[in-house]
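Worksheet for the structure shown next.
A quick note: this is a predicted structure, and the numbers were derived from the prediction, not measured. FYI, the numbering just counts along the sequence from 1.
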Amino acid sequence: MPELGEVEWYRKRWDPALGHRVQAVFLHPRCRIFRGLDTEALVNALDGATPVASAARAKQMLFEFRKTRGTCWLGIHLGMSGKLRVVKGKAFENYRSAKHDHLVLLQENQCAVFTDTRHFGRVLFHQGKTPPEWWTSLPPDIVGDAFTTEVVAAFCRRRTRSPLKAVLLMQERFPGIGNWMADEILWRAGLHPARHAGSLSEAEMRTLWKETRWVAREALKRIGTKWKRLPDSWLFNHRWAKGRTCPKTGAALVREKIGGRTTCWSPGCQPPPGTFKKGPHELVQGGRPGHAAKKFTYP
């Protein structure tokens, strides 16, 4: 599923449509992406309107349209396979819709298209002078001033027994963070994804906050701007590679389900819960009184 950087990149794909009046609207009204919508009202509002601005937050996008009869707002969630694109050329003459082009806004020399092969995305719609509640109620951006260590710590304390991997995927506090970003953050923070959120020290909490913001900023800069390949120093390029090894330690990476999601982590720098580091690759599991501690050495 597209995450923070990917959503920003797809939002910009519609930038060429801004400032150009919509001359016609075509859609598949019974497609699941329009669930709960009055598609006739959507068409009537967008037909003849001009997109003037756009924004991305978390995993959602918002496009503002204006015409003489007022302002309307189009929200798009890409789901797992949604994509935006602009097709250049005389739209009425040259454009031929593909099978999964579910929303097409035709303009004079181009058309803006929303495609979704798996239909898990969603289109939202609102008419009014101000942005809709489903947009304004989204949590603060991770890269914004409101995302503080105190806010993250309070959130983790309310989910004491939840694994960190699951907590990072909770959109009400970590908007836009998905599976690969959560793995990247925890790997950089040196925190095992199965650690309970309530087990972090103050220093670890601050590290989690710092790495979350850093990964979010870099994803927006590298993926959200030009879809640039991430450096090999990132976990991302190794998590699915053949013979997966940690770019920090060279140790074999582990892949397992944690918090209901496939997770990649490095034993060499993310000690499992109940362990502490003794050497660069050696972990010692703390035993209860009367029980010998177990020693694990990773290649």
Contacts of His126 that satisfy side chain to side chain contact (heavy atoms under 4.5 Å, CB included) - sequence neighbours left out: Trp73, Pro132, Trp134
Partners meeting side chain to side chain contact (heavy atoms under 4.5 Å, CB included) with Thr245 (sequence neighbours left out): none
Without placing hydrogens or testing angles, list every side-chain donor-acceptor pair under 3.5 Å for residues 206-216, not counting sequence neighbours.
from   : atom 1 : to     : atom 2 : distance (Å)
Thr207 : OG1    : Ala203 : O      : 3.0
Trp209 : NE1    : Phe147 : O      : 2.9
Thr212 : OG1    : Leu208 : O      : 2.7
Arg213 : NH1    : Ile142 : O      : 3.0
Arg213 : NH1    : Gly144 : O      : 2.8
Arg213 : NH1    : Phe147 : O      : 3.4

Main-chain N/O of [Y] paired to [X] side chain as donor or acceptor, under 3.5 Å:
{"X": "Ser199", "Y": "Arg195", "answer": "no"}
{"X": "Lys67", "Y": "Ala45", "answer": "yes"}
{"X": "Gln60", "Y": "His77", "answer": "no"}
{"X": "Asp141", "Y": "Val143", "answer": "no"}
{"X": "His196", "Y": "Gly198", "answer": "no"}

For side-chain contact (heavy atoms from CB on, under 4.5 Å), just list the numbers for Val87 and Val113, CA-CA rounded to whole Å, side-chain angles, deciding distance to a tenth of an Å, and then say yes or no. CA-CA 8 Å; Val87 179; Val113 184; 4.1 Å; yes
Please give me the minimum heavy-atom distance between Val7 and Ala56, naming the atom from each residue. CG1-CB, 4.2 Å
Less than 6.0 angstrom from the centroid, inside 45 degrees of the normal: does [X] satisfy that with respect to the ring of [Y]?
{"X": "Arg255", "Y": "Trp265", "value": "no"}
{"X": "Lys248", "Y": "Trp187", "value": "yes"}
{"X": "Arg30", "Y": "Phe34", "value": "no"}

Crowding at [atom1], [X] (>12 non-hydrogen neighbours, <6.0 Å):
{"X": "Lys83", "atom1": "NZ", "result": "no"}
{"X": "Arg161", "atom1": "CZ", "result": "no"}
{"X": "Glu256", "atom1": "CD", "result": "yes"}

Counting only pairs under 3.5 Å, give me each side-chain donor-acceptor contact of residues 169-182, with atom names and distances, residues two or more places apart or in other chains.
from   : atom 1 : to     : atom 2 : distance (Å)
Gln171 : OE1    : Gly176 : N      : 2.8
Gln171 : NE2    : Leu169 : O      : 3.2
Gln171 : NE2    : Ile177 : O      : 2.8
Asn179 : OD1    : Lys165 : NZ     : 2.6
Asn179 : ND2    : Thr262 : O      : 2.9
Trp180 : NE1    : Glu6   : OE2    : 3.2

Can a side-chain donor-acceptor contact be found between Thr50 and Arg66 if the only test is distance below 3.5 angstrom?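 Note: Arg66 and Thr50 side chains miss the donor-acceptor criterion.
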No-hydrogen, no-angle side-chain donor-acceptor test under 3.5 Å, His119 and His102: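 Side-chain D/A pair, His119 to His102: present.
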ring-ring contact (aromatic ring centres under 6.0 Å, His included) partners of residues 44-63, not counting sequence neighbours, each pair once: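 Sorted result for residues 44-63: Trp14-Phe63.
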Group every Ile, Leu, Val, Met, Phe, Trp and Tyr by side-chain heavy-atom contacts under 4.5 Å, then state whether [X] and [Y] land in the same group.
{"X": "Leu4", "Y": "Trp227", "answer": "yes"}
{"X": "Val104", "Y": "Met61", "answer": "no"}
{"X": "Val123", "Y": "Leu62", "answer": "no"}

Could you tell me the separation between the [atom1] atom of [X] and the [atom2] atom of [Y], rounded to the nearest 0.5 Å?
{"X": "Arg261", "Y": "Leu168", "atom1": "CZ", "atom2": "CG", "answer": "12.0 Å"}
{"X": "His192", "Y": "Ile258", "atom1": "NE2", "atom2": "CD1", "answer": "5.0 Å"}
{"X": "Glu64", "Y": "Thr71", "atom1": "CD", "atom2": "OG1", "answer": "5.5 Å"}

Would Ser266 and Thr249 satisfy side-chain contact (heavy atoms from CB on, under 4.5 Å), going step by step from the backbone distance to the final call? CA-CA 9 Å; Ser266 171; Thr249 66; 4.0 Å; yes
From CA spacing to verdict: side-chain contact (heavy atoms from CB on, under 4.5 Å), Arg188, Glu184: CA-CA 6 Å; Arg188 290 177 177 276; Glu184 189 76 35; 3.0 Å; yes
What verdict does the side-chain contact (heavy atoms from CB on, under 4.5 Å) test give for Met205 and Glu202, after you've listed the backbone C-alpha separation in whole Å, the side-chain angles of each residue and the deciding distance to 0.1 Å? CA-CA 5 Å; Met205 194 70 73; Glu202 276 189 40; 5.6 Å; no
Going by an N to O cut-off under 4.0 Å, is there a salt bridge joining Asp183 and Arg239? yes
Ionic contact status for Asp47 with Arg21, cut-off 4.0 Å: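 Result for this pair is no, no salt bridge flagged.
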Test salt bridge (Lys or Arg N to Asp or Glu O under 4.0 Å) applied to Arg118 - qualifying residues, sequence neighbours left out: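 Counting only residues at least two positions away or on another chain, Arg118 forms no salt bridge (Lys or Arg N to Asp or Glu O under 4.0 Å).
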